[in-house]
Amino acid sequence: MTHALNTGGDRGYLRIATEEAFATAEQLDAFLKLVKEGRADKATTSLWGFYGTSPSERTQFIRDRLLDLDDLRIQAMDDTGIDVAILSLTSPGGQAFETDEAKTLVRNANDVLKAACERHPSRYVGMVSIVPQDVQWSVEEIARGKNELGFKGVMVNSHTKGHYLDEEQFDPILKACADNNLPLYIHPQSPPDAMIAGMVEAGLDGAIFGFGVETGYHLLRILTTGVFDRYPNLTVCVGHGGEAIPYWLFRMNYMHQAGVRSKRYERLKPLNHDLFHYMRNNVCVTTSGMACPLAIKLCIDQLGEDRVMYAMDYPYEYVADEVRTHDNLDISAEAKKKLMQTNAERVFNL
Ligand code: CA
């Protein structure tokens, strides 16, 4: 069903898009330099070797739109009826770089985003990007993000050089998110060299598959290592329909409990709750790049209607009919308002 896409809530809800990307020229130049000098991992070489240099119309569109935080973006939001965009620095943020370079670049990007939010206060909300390579710096940047920049969430692009947030050295980052009452959004990047195997050669390293399995793996580690027993008030968000975890959840939950009972695995310890509990109380998933009614309804059925939020994934995805797919979902008006508006308002404390 086709209908006009207006901002302003004429369908009974505002549309808040929760996983919307921007880049800085400094960041894109740094990606290219990393690739050119052979310092990037396989995934970054594959992805930014392509996005950074391909002359195709689509990649040029994405580069231009990533860098724009004013007229093009606001026009695109008006054209697709997006009232508010929750913005974050595009993947892999600063996580592919050496620590000092990453800190300069990410701090500058956070300042760029703050200025954009100030220019468009009714349309943009920011998430603070961090550099997990320097845990203490990241803890301070999370506090600066909340207190000085007015940001409403923390963005991490999954693994940091093959390391995962459930590892002990990253605990202060999780604690800072919980203490500052900011949701942690784990956005995909491609798998680390230790995991990527033949995916590049098969053309499966990026958004087609690599992103999803790597980020789903990251979320699963957070679930099974007891992060939410340590921080019961922490909220973790993942995109793309929960990176397949909602679909797999029954079997994962069963096998996790079987693994604990078998005592074969040192790392599998009893948790305070089953995996369903954490997915329904600590995790939110967004619909970025997953405008599929069956998949969205599965997420709502598995996690509850308070746990699923709309995202477009602009500018990587910019298809007006995907907004209409959400508008036309066969769910109650109340559930739709939660999906499109009020869950984001609650999670990001807008
Ligand atoms: Ca994205």
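Start at 1 and go down the list; that is how both ligands and their atoms are numbered. No experiment lies behind these values; they were computed from the predicted model shown. FYI, the numbering just counts along the sequence from 1.
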Query raised in the report: What residues form a side chain to side chain contact (heavy atoms under 4.5 Å, CB included) with R144, not counting sequence neighbours?
Result: R107, N110, D111, E141, E148, L149
Query - All side chain to side chain contact (heavy atoms under 4.5 Å, CB included) counterparts of N253, not counting sequence neighbours - result: Q257, D274, L275, F276
Query raised in the report: In the single-linkage hydrophobic clustering (I, L, V, M, F, W, Y; side-chain heavy atoms under 4.5 Å), do L220 and M195 co-cluster?
Result: no
Query raised in the report: So Y51 and Y316, would you call those rings parallel, tilted or perpendicular, with 30° and 60° as cut-offs?
Result: perpendicular
Report summary line: Sorted by chain and residue number, the ring-ring contact (aromatic ring centres under 6.0 Å, His included) partners of F31 (sequence neighbours excluded) come out as W48, F97
Report summary line: Shell check on the Ca ion (ligand 1): protein N, O or S atoms less than 3.0 Å away are E19 OE2, H187 NE2, D313 OD1
Query raised in the report: Does the distance from a Lys or Arg side-chain N to an Asp or Glu carboxylate O, for R324 and D321, drop under 4.0 Å?
Result: yes
